[in-house]
Every structure is written in C-alpha cells, then in structure tokens.
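There's a structure below that I have some questions on.
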Amino acid sequence: MLHDNHGRRIDYLRLSVTDRCDMRCAYCMPEGFKGYEEPSLWLSFDEIERVVAAFAHLGVQRLRLTGGEPLLRLGLAGLARRLSALPGISDLSLSTNATQLARQAEGLREAGIKRLNVSLDSLDRERFAAITRRDALPAVLNGLAAAKAAGFSPIKINMVVMAGVNDQEIDAMADYCFEQRFILRLIETMPVGSTGRSTGFMTIGPIQERLRARLGLIDGLIPGGGPARYLVSPDGRFSVGFITPLSQHFCDSCNRVRLGVDGMLYPCLGDNGRLDLRSLLRYGCSDPELESALIEGVRRKPLRHEFTEEPGKIVRFMSSTGG
Ligand code: SAM
Ligand code: SF4
C-alpha cells in the first residue's frame, strides 16, 4: 500500500501518454506553444507498463490515461490493452478532447477502457473555437456519439467555467448532458501555468445552488473516487459534479499522483516537486529499486496546494503534467 506522510492512501495514477495536443484551450496551453518534449525522452510503452505494474504491485488499482491529448499517441489502444491486463488494475479510464474519438472509440473500448471524460466548454461553434483555438466542435460531437455507441459508461463532460466566456452556457450544457445521459462536471480554473492564471476565474459555489433550485437536484454520490461533489436528480437520471480546487479545496481526500510522458512523477498538481523515474529506468534499476522510488515519491506529496496563497507558483502547463 502507498501512503504519503500525511496518512493519505494513494491508489490512483494519472498517466500522461503525450504532452502534444491538437487544441490550444486558453486555460491550458499558450497559442504558439512550441516546447514539446523530444520523443526520445517519452517513456516507451515497455517503460510505461513497467512503472504501472510497479504501482499496481503497491496497491494502485485505478489508472487514467491523459495528456496532452492522449489519442494523438500512436498505438494508444495497444497500450491500453497491455495496461488493463495488468494484475491489480481494476479501473482504466481516459480523458480526451474527443477530436479523434470517432475513429478510435471502438478500439479503445475493446482495449479495456470503460470510463471516459471529455472536455467540452461550449456547444456554440464559434465560442468553442474561440476557447480551444480550433474549429472542432462537430468532430467532438461525432466523437461523443461514437463513444456512446461503443458503450463507454459513464461518459463525463468536463466544462471549465470561465467568467464572461462560457458561464452563460451552463444551463444549455446541463440540458444537453441530461438529454444525452452524460454526467456534467463544472470545474474551476486552476492557476497552472500562465494560461491557467489569465482565464476569467470564477467560483462555482453559487452556480451549484442555482442549478439545485432550477432542476430540483439533491446531494448525491457518484462512484469514481474523484474530488467532485455531486448533485443528482431525484430519479437518478442526471448528475452534475462541482470541482472546486480553489473555493473549497479537497486536498484532505486526495488519492492520486501523476506521471508525465517524460517519466517525471508529480506527487501534486499544485507543487513543483517531482521525481525523475525515466533516469532510474534507463540506468537499469531493479524492480525493488523502482518500487522504493515510488514509495519515496508518494511520501513527498505535500499536504495541500497553495493555488490561493501562491497563484504564480506553477509555471508548467496542465498539458505537460497530465491534467
Ligand atoms: N486533452 C484531454 C482533455 O482535454 O480532456 C486531456 C488532458 S486535459 C489537460 C485534462 C483536463 O484538464 C481537461 O478537462 C481540461 O479542461 C483540464 N484543464 C486544463 N487546464 C486547466 C486549468 N488551468 N484549470 C482547470 N482545469 C484545466
Ligand atoms: Fe489540449 Fe486538453 Fe489542454 Fe485543451 S485541455 S489544450 S484539449 S490538453
């Protein structure tokens, strides 16, 4: 079992399989971003499998593939198949922007990915293009239709709420998710990178109360182990989650660490601490040495982020850590 120095059990790994992306969401990546990692520094599929197997041996059961845009990593379904077959891994999920999902949904579902989170900040084509700097809403909606047909369940829609940008669309997004049977999650912008700091932050507590009243929602719980607080309709057909890292942080119950495509282990999204697993792997470490490094890396997890006290602390972009 992995525990940090603050008594939290860590059983969830978010694995970035690429730092590349075909979008440039305003809160995530700068428009002219050119700082991608060299492919020779990406963990290979063999290296990824070895690290995930070591995590699983130490009690990590849940794994999410993310990025960057994970569907841009060639052979992703093959990797997913290998990871979902590892002893101990009981839950394999994926975060994607869905631009490439129409072609890949079936293969990814067959490879053992069951749950899907899709970024979708607007249903208005022009606003979507302004936020993501890509005119890709039709491709994303096709991707979502393919994901439904392939049998992913649940499908969660992640909407980063930005004051004056898309906050007027929350009701429309809730209606769309209700119709489609998707779970909606509203997310506060985190000050990760200059992009995360420059995008109309707003606290989503008041939205929670407004939606509760408008839709007659009640407090609920959705399995998944994440930080969202949920409201559900009394018949259970609609759920909306609220992810409030700033207005109501949830660090006490944090159960996860992140692994970058370059093999850096990040114990906390809101901290600059990291541990270089790639060097260890490429120097030929033994399995016990690798596991000792994971135990040490997890121990270093800080008690909480300091997004409010030190908003300028994290200079790396969300796409490079694996959001
Ligand atoms: N490209 C995939 C996607 O967009 O779902 C996976 C990676 S993306 C970094 C994962 C999640 O991080 C997305 O839901 C995105 O909205 C969220 N995200 C990125 N930057 C953020 C920020 N500054 N604050 C809050 N959420 C952010
Ligand atoms: Fe790409 Fe996802 Fe970041 Fe948007 S949020 S730029 S889709 S990695």
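We count ligands from 1, going down the list as the structure has it; atoms in each ligand are counted the same way. This structure is a prediction, so every number in the text was calculated from the model and none was measured.
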| request: Please determine if Thr66 has a nitrogen or oxygen closer than 3.5 Å to a nitrogen or oxygen of ligand 1. | output: no

| task | If you have a sec, work out which protein heavy atom is nearest atom 27 (C) of ligand 1 and how many Å separate them, to one decimal? | result | Met318 CE, 3.5 Å

| query | Is there a donor in the side chain of Glu69 and an acceptor in the side chain of Thr96, or the other way round, less than 3.5 Å apart? | reply |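 Looking only at side-chain atoms, Thr96 and Glu69 do form a donor-acceptor pair, the distance falling under 3.5 Å.
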
| said: Less than 4.0 Å from atom 3 (C) of ligand 1, is there any heavy atom belonging to the protein? | reply: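 Yes; the ligand atom in question has protein heavy-atom contact below 4.0 Å.
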
| Within 6.0 Å of CD1 in Ile218, more than 12 heavy atoms from elsewhere | yes

| said: Other residues, nucleotides and ligands only: do more than 12 of their heavy atoms fall within 6.0 Å of CZ on Arg274? | reply: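 No - once you tally the heavy atoms of other residues, nucleotides and ligands closer than 6.0 Å, there are 12 at most.
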
| request: Within a distance under 4.0 Å of any heavy atom of Glu69, pick out the atoms of ligand 1 and give their elements. | output: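 Taking each heavy atom of Glu69 in turn, ligand 1 has 1 (N), 2 (C) under 4.0 Å.
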
| task | Would you kindly say whether Gln61 and Ser90 are connected by a side-chain donor-acceptor distance under 3.5 Å? | result | no

| note | Taking only non-hydrogen atoms of Asn158 and a 4.0 Å limit, the atoms of ligand 1 in range are 14 (O)

| remark: For Val160, the ligand 1 atoms with a heavy-atom partner under 4.0 Å come out as 16 (O), 26 (N)

| task | Could you check Val261, Leu76, Leu43, Thr66 and say which one makes a side chain to side chain contact (heavy atoms under 4.5 Å, CB included) with Val17? | result | Leu76

| request: Record the part of Thr96 in heavy-atom contact with ligand 1 below 4.0 Å; permitted values are side chain, backbone, both and neither. | output: backbone

| Closest heavy-atom contact between Ser247 and Thr244? | OG-CB, 3.4 Å

| For ligand 1, which atoms have a heavy atom of Gly196 less than 4.0 angstrom away? | 23 (N)

| task | Can you figure out which of Phe317, Tyr27, Phe201 has its heavy atom closest to atom 17 (C) of ligand 1? | result | Tyr27

| message | Does either side chain, that of Asp235 or that of Ser233, offer a donor lying less than 3.5 Å from an acceptor on the other one? | response |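 Side chains of Asp235 and Ser233: pair found under 3.5 Å.
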
| Residues Thr99 and Asn97: side-chain donor-acceptor under 3.5 angstrom |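 Yes - a donor-acceptor pair under 3.5 Å links their side chains.
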
| Does ligand 2 have any atom that is closer than 4.0 Å to a heavy atom of Met23? |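 Flag set, Met23 near ligand 2.
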
| request: Using distance alone, decide if ligand 1 has a nitrogen or oxygen within less than 3.5 Å of any nitrogen or oxygen in Met190. | output: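 Yes: some nitrogen or oxygen of Met190 is under 3.5 Å from one in ligand 1.
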
| message | I need the atoms of ligand 1 closer than 4.0 Å to a non-hydrogen atom of Gly67, numbered in the order shown. | response | 7 (C), 9 (C)

| request: Return the residue, atom name and 0.1 Å-rounded distance of the protein heavy atom closest to atom 6 (S) of ligand 2. | output: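 Nearest protein contact, heavy atoms only, for atom 6 (S) of ligand 2 is Cys25 N, 3.3 Å.
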
| So, for Ala54 and Leu294, which heavy atoms are closest and what is the spacing to 0.1 Å? | CB-CD1, 3.7 Å

| task | Pull out every atom of ligand 1 sitting under 4.0 Å from any heavy atom of Gly68, numbered as shown with elements. | result |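 The list of qualifying atoms is 1 (N), 2 (C), 6 (C), 7 (C).
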
| What part of Cys28, side chain, backbone, both or neither, has a heavy atom within less than 4.0 angstrom of ligand 2? |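 It is the side chain that gets close, since no backbone atom is under 4.0 Å.
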
| query | Does Glu291 CD have over 12 foreign heavy atoms under 6.0 Å away? | reply | yes

| query | Should one rank Ser119, Cys21, Ser16 by closest heavy-atom distance to atom 15 (C) of ligand 1, which comes out on top? | reply |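 The residue whose heavy atom sits nearest atom 15 (C) of ligand 1 is Ser119.
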
| query | Could a heavy atom of Gly68 be found less than 4.0 Å from some atom of ligand 2? | reply | yes

| request: Within a distance under 4.0 Å of any heavy atom of Glu188, pick out the atoms of ligand 1 and give their elements. | output: 25 (C)

| Arg256 NZ/CZ over Tyr12 ring centroid, <6.0 Å and within 45° of normal |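 No; the conditions do not both hold, so Arg256 does not lie above the ring face of Tyr12.
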
| Face-on cation placement of Arg20 at Tyr36 ring, 6.0 Å and 45° thresholds | yes

| said: Closer than 4.0 Å to some heavy atom of Cys21 - which atoms of ligand 2 meet that? | reply: 1 (Fe), 6 (S), 7 (S), 8 (S)

